[in-house]
Amino acid sequence: MKLRTFALTALLLSSPAFVFAAKEKPAAHAETGIDWYKGDVDAAFSYAKKHHKPLFLYWGAVWCPPCNQVKATVFNRQGFIDRSRFFVPVHIDGDSPNAQKLGARFKVRGYPTMILFSPDGSEITRLPGEVDSERYLQVLELGMNAGHSVKDTLRVALADGSKLTADDWRLLAYYSWDTDEQQMLSAKELPATLQKLAAACPPGDTATHLALSALVAAAAATPENAPVIDKGASTALLMKVLGDARVARDNTDIVTSYSGKIVALVTEPKSEARTQLINTWNIALERLADDSTLSKADRLGAVDGKVALARLIQPEGPLAAALLQEVKQRVAVADQATTDAYERQSVISNAADVLADADLIDESDVLLKAELKRSHSPYYFMTDLAINAKKRGDTKTALDWYEQAYGAAKGPATRLQWGSTYLGGLLELTPDDEKRIEKTANSIISELGDTQNAFYERNRRVLEKLGHKFVVWNTLGQHEAVFQKVHQQLNGVCAKLPDNDSQRAACLGVLAPTKS
């Protein structure tokens, strides 16, 4: 499978077999130049199969900062818009009536998840939302030209990597492991498997990206799943990557987002190796923060990377005055320069996080409060304000913001998530306020009873986590009366679900005791 130029791809895909027949095309909605199909997903797959067109599935939410980042930096690119003419673009909003059931069907949970399917409906690959637009378009084109799925490619790579082409390796390296939902590899297998792939891949940029991805997975692994890391070799690789401006730029997502975690993984505290790696990493981050070809969100990510490195050296207390001043200045510039509503949802989220990570909580609050008047999803930022208040130890203000966020949230899945966050905050911060806890739980369950397909996929996971917190809250039976009232109300919702519906078991399991 050789890399084809877009010109060749366009020539192939513009043949009669790939041209839409207007009278047969499913109803769609034009948005940012893309003819997104938002109706019956099965009809879209049928259309794709009949007309030999790939299908591009985008699963997202209005409030989600990474989703808005993709809209602002990828979906609005002419290159993506042009390519969208040659596949069937399907948008599933997580709050639409059948979204959570479709989420279970396609094994999608995190926002955003983007999947490319072949015309016959089989999954080809999942696209990484964290890479820049140029890399995204390259991966998309590789997927459109692929003769087999990434799952098949992985199987061959682990058996005999010499049978893969350079393009096979690239598609594998830039697969979205973050949104795989353990379809190809379990969380336990991922770190060691990425190590094997990096070792098997021919030397070059693709092998480097796989090796860096393996370090990310290792840094996130639980102790029992963590692979053995050659710290010396890993440090040498990182020094080489960070010292090459082009290679560091090509791996911006990893360099900016995982600086502290990877340095902590491969070096010892207060060692010379750590000092040298941090110094080199900071230089690379400074270049990325100044790189005008990167998105504003990515450039702020580079600043946050510097904060993470500084916290390795100084875990507590105020950071260096020069770094704090840089954080303030770069946030102010990004705030002033970002006018697009989609982009602001991502940029301001990143900016507020950078300020909070640097312990500039007051400045973070000012930024967030100003955005409440501008954002199309202000409830998202209300939650950040609650988190900031919690960091200060201001329980009342934290819970007030959680409550306001729940009240302002829109859409069934979103309201469930924000309601669960609020209730979780109550259980943690004011566990003896049974009246407020019961009232909030009653509100959430009442809405569940009125929501179609309420116990599928992402919703189910949210409820499982909330249910665990609720069970722990009553571990000693100290809140038994309230617990039983809430349990009884939930059982009433479960009882209305058909016996053969998988949602019934999910519903009944929400407040079941945790198995030891």
Side-chain angles (χ1 to χ4, degrees), residues 212 215-216 219 231 234-235 238-245 248-249 251-292 294-338 346-371 384-385 387-394:
L212 294 175
L215 289 176
V216 170
K231 296 186 176 183
S234 297
T235 300
L238 291 164
M239 292 290 284
K240 182 178 180 181
V241 168
L242 298 167
D244 187 317
R249 169 65 171 75
N251 294 280
T252 296
D253 55 313
I254 294 175
V255 173
T256 60
S257 300
Y258 301 99
S259 59
K261 292 179 180 179
I262 292 179
V263 170
L265 174 72
V266 303
T267 62
E268 299 299 327
K270 299 182 180 180
S271 65
E272 181 62 25
R274 176 166 293 189
T275 299
Q276 290 180 357
L277 184 55
I278 287 176
N279 290 341
T280 303
W281 209 308
N282 271 321
I283 292 171
L285 289 169
E286 190 72 21
R287 283 197 309 265
L288 294 174
D290 288 333
D291 189 342
S292 61
L294 288 173
S295 71
K296 300 178 188 69
D298 284 340
R299 294 172 72 179
L300 286 173
V303 181
D304 207 18
K306 295 179 71 173
V307 172
L309 292 175
R311 281 299 177 205
L312 282 180
I313 301 171
Q314 186 177 340
E316 303 292 338
L319 298 176
L323 178 56
L324 295 179
Q325 186 61 27
E326 179 184 358
V327 169
K328 293 177 184 178
Q329 288 177 344
R330 291 194 185 273
V331 165
V333 169
D335 181 19
Q336 184 68 28
T338 308
S346 176
V347 169
I348 298 304
S349 175
N350 281 25
D353 286 347
V354 174
L355 290 168
D357 290 344
D359 281 343
L360 296 170
I361 305 295
D362 291 344
E363 289 83 349
S364 179
D365 273 3
V366 169
L367 184 72
L368 291 166
K369 289 177 181 178
E371 199 62 20
D384 283 343
L385 284 163
I387 293 170
N388 283 351
K390 182 180 173 182
K391 286 183 178 180
R392 288 194 189 90
D394 186 348

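Only a predicted model underlies this, so the values are computations on that prediction, with no experimental measurement involved. In this chain, numbering begins with 1 at the start of the sequence shown. FYI, side chains are in, hydrogens and waters are out, and symmetry mates aren't considered; it's all heavy atoms of this structure.
Residues meeting the salt bridge (Lys or Arg N to Asp or Glu O under 4.0 Å) test with R287, sequence neighbours left out: none. In this structure, the side-chain contact (heavy atoms from CB on, under 4.5 Å) partners of S234, at least two apart in sequence or on a different chain, are L215, I229, V266.
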Without placing hydrogens or testing angles, list every side-chain donor-acceptor pair under 3.5 Å for residues 353-362, not counting sequence neighbours.
unit_1: D359; atom_1: OD2; unit_2: R311; atom_2: NH2; d: 2.9
unit_1: D362; atom_1: OD1; unit_2: R392; atom_2: NH2; d: 3.0

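Side-chain contact between S292 and R299 is present, with heavy atoms from C-beta onward closer than 4.5 Å. Side-chain contact between V303 and V331 is absent, with no heavy-atom pair separated by less than 4.5 Å. With contacts defined as side-chain heavy-atom distances shorter than 4.5 Å, the pair I278/T267 does not qualify. Contact check for L212 versus Y258: no side-chain heavy atoms found under the 4.5 Å cut-off. Residues V347 and L300 have side chains in contact (heavy-atom distance under 4.5 Å, counting atoms from C-beta outward). Between L324 and V327 the shortest side-chain heavy-atom distance does not fall below 4.5 Å.
Pairing each heavy atom of G260 with each of A308, the nearest pair is N-CB, 4.1 Å.
Residue-environment remark: CD (Q336) stays at or below the threshold of 12 foreign heavy atoms within 6.0 Å. Counting non-hydrogen atoms of neighbouring residues, nucleotides and ligands closer than 6.0 angstrom, the NZ atom of K240 reaches no more than 12 such neighbours.
The residue from D291, D290, D298 that alone fulfils the salt bridge (charged side-chain N to carboxylate O under 4.0 Å, His left out) condition with R249 is D291.
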